[in-house]
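Everything below concerns the one structure shown next.
Everything numeric here is computed off the predicted structure, so don't read it as measured data.
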Protein chains: 2
Amino acid sequence: MEKKKDVTIYDLAQELGVSPSTVSRALNDHASIGKKTKKAVRKLAESKGYRPNTFASSLRTNQSNTIGVLVSWINRPFISSLISGIEKEARDKGYHVIISQSHDQSELETENLQALYDSRVSALIVSLAMETVDYRPFDLFRKHGIPVVFVDRVPVLQKIHKVHINNFKAAFDATEHLIAQGCRRIAHFGGARHQAIYEERRAGYIAALKKNNIEVDNTIILEAESLSLEEGTRLAEKVLDLPIPPDGIFCANDTAAVSAIHCAKVRGIKIPGELAIIGFNDDPICKIIEPPLSSIHHPAVEMGKAAVREVMSMLDTAPANADALNKEPSGGKTNLVLETHVVVRASSNRLGA
Amino acid sequence: MEKKKDVTIYDLAQELGVSPSTVSRALNDHASIGKKTKKAVRKLAESKGYRPNTFASSLRTNQSNTIGVLVSWINRPFISSLISGIEKEARDKGYHVIISQSHDQSELETENLQALYDSRVSALIVSLAMETVDYRPFDLFRKHGIPVVFVDRVPVLQKIHKVHINNFKAAFDATEHLIAQGCRRIAHFGGARHQAIYEERRAGYIAALKKNNIEVDNTIILEAESLSLEEGTRLAEKVLDLPIPPDGIFCANDTAAVSAIHCAKVRGIKIPGELAIIGFNDDPICKIIEPPLSSIHHPAVEMGKAAVREVMSMLDTAPANADALNKEPSGGKTNLVLETHVVVRASSNRLGA
DNA sequence: ATATTTTGCGCAATCGATTGCGCTTAGGGA
DNA sequence: TCCCTAAGCGCAATCGATTGCGCAAAATAT
């Protein structure tokens, strides 16, 4: 076993008979170093297998070239695709990605926030925990000029950077789709209303009803904590037990929609004939379940990439956080809205178009 | 906006009238510091919101408290659960997790390996890319005494640390289950054979046939590159087009099994009556598809956690990689095999047990 | 009361890369 | 030929935490 001490710029400097500063600048393509010197340094660095010590560099420059990612659960279809996109885009730009999950709990979220801050991430990409209503923990980053970009589950604040979709419109479209299929009594299974995305989906749903002169009936507008399979089942049974059950359901996620389909099938209710159903997210299960589930397609991977690009541009304009004293650090705002569209499948297709 | 210079141990030292060394040792609970001093230091650190600079610490100690994770694709059910487990266990032990994906390409895998090495991860957890047959790039870590633990898709080497399942047995069980259900002509959809897990599953399948005196027919043992939905469909059509189609299929993953189910249904083949099917992984879709898909349950989250625990114990026994000169660094080996079990669902349940 | 440990801390070097400032030398202009 | 500019590099400090060695004061032994 070799004792393989890593080679440093000092080793290179000594071997070339120049100073470490020169080596450093040569490697960083600094303007004040001669062509031939640069070439020589790089060649030797290459041949000796020099690898910069990122700790030393980070210590000096106080930046890590790392993007922190904070999400609820990694093992959810939408989130894992989001992260996949983030990782790819970030790595292409020479950044590392360090992840952590909040398990949808605000407390864990705050802890992880602190940990990510401690590890001096260059920037942060966040999809909020379901519980979160207090955004103050994020000020830690704002105060230090560290870019924060929210994705999907974004706070209801104006002066922040966010990458998301138009939930109102998507929900509106989904609902109008059901209406177009002839539904006149449409239920809605939503998520916690303090989370903007769910409130907006609900609002879009209601707007669509109103526009089409359909009465808004609160007895068929239900709210779930987590929209899990179990909760979906509970909600589905609730509305199907009603004296006048709905003839359509718009679910704020696919999981609950799947439960609804199961429930309906168990009861012998015809889908979409007697009950049309549409979900949200376009998870893989949509194509698997029977009947295939209509849904709102969500550009997960692209959202991840877009978030990274957003982070990069923020990093460019508001450089080192050491300079963050005078200029409002991430004072600007962005509101990147990605496109969604209704994916019509058998669960809601009555017209057979 | 505050200029908020981070507080350092020097600040604390000055304010307390002690030396930085004392502060450092007090914070690290070093034995040679008095009780009262420790208490005082900690209290001040707390009140001033001191946060250690991990770069400085890492530079000095040459270790990052970070675990690198290298997988094929993050957005796959099994992998995302694996990572979820890794993240949780690692963070509980004060480690960060930095992830990267190989997209199942050896080249990208090697690149990411280098990047992870450059970022001086304390240890590495890997699930191989489908393509990978050359394990030499991993020597980089071995040579420097950095623990490497392989998970699930592990190399066919002896002297390494791995956490996986008994693929042979799982496949054997799956196949025997089909046999027990009365199947006598069982097809197998496998993955690339140079990947041990697929070769083992294939071997387990064959062993089960032989043990039950069933002829091994190579025309119904197929191999796929990636076992995707599309490939699954292709393979399914191939065997169902045969003069004597199979009465059972054991798929090396659930995705391909889902395709098989679809194909069979399209052709009006009764499942499980005329064709019993079992998959592998127990992905969420198993419960969703109709009929529900039997599968091999894979403890994904637990595998992730186990891998982290394994890494930790390696870190304990073979401490700093600076000492790695004399003692064979990660010279030992581990072969942690987690339990799997057959989950019987309708797709293979002919006896109605 | 003197000698000997033990306890508690400080000094200063170190980890490797970065960078402001200044010096040297080559080249151009008058 | 002399002065000046700019190109090309080096010096040394710096980032913040860690640690081997050494010293002084307090505690215990003789």
Annotated protein contacts, base or backbone, on nucleotides 5-14 of chain C with a non-hydrogen cut-off under 4.0 Å, one of B, S, - each | ---BBBBBBB
To the nearest angstrom, the CG-C1' distance between B/Asn62 and D/dG16 comes to 16 Å
Salt bridge (charged side-chain N to carboxylate O under 4.0 Å, His left out): which pairs involve residues 114-125 of chain A, sequence neighbours left out?
-> A/Asp118-B/Arg51, A/Arg120-B/Asp6
Will you find, in the side chains of A/Thr334 and A/Glu310, an N or O donor that is under 3.5 Å from an N or O acceptor?
-> yes
Report, one line per pair, each donor and acceptor closer than 3.5 Å where one atom sits in a side chain of residues 300-307 of chain A; sequence neighbours left out.
residue	atom	partner	partner atom	Å
A/Glu302	OE2	A/Arg309	NH2	2.6

Provide, to the nearest angstrom, the distance between the NZ atom belonging to B/Lys48 and the P atom belonging to D/dG16.
-> 14 Å
Round to a whole Å and report the spacing from CG of A/Asn53 to P of C/dC15.
-> 11 Å
Once you round it to whole Å, what is the distance between P of D/dC15 and CZ of A/Arg120?
-> 14 Å
Value in whole Å for how far the P atom of D/dC9 lies from CG of A/Leu27 | 14 Å
Not counting sequence neighbours, which residues clear ring-ring contact (aromatic ring centres under 6.0 Å, His included) with B/Phe138? List them please.
-> B/Phe150
To the nearest Å, give me how far apart CG (A/Asp11) and C1' (C/dG16) are.
-> 10 Å
Sequence neighbours excluded, every pair satisfying ring pair (Phe, Tyr, Trp, His ring centres under 6.0 Å) that has a member inside residues 82-112 of chain A | A/Trp73-A/His103
For A/Thr8, which contact category applies under a 4.0 Å heavy-atom criterion: base, sugar-phosphate, or nothing?
-> sugar-phosphate
Rounded distance (Å) that lies between atom C1' of D/dG8 and atom NE2 of A/His30 = 11 Å
Mind calculating the distance between OH (B/Tyr50) and P (D/dG16) to the nearest angstrom?
-> 10 Å
Which pairs with one or both residues in residues 7-16 of chain A pass salt bridge (charged side-chain N to carboxylate O under 4.0 Å, His left out), sequence neighbours excluded?
-> A/Glu15-A/Lys48
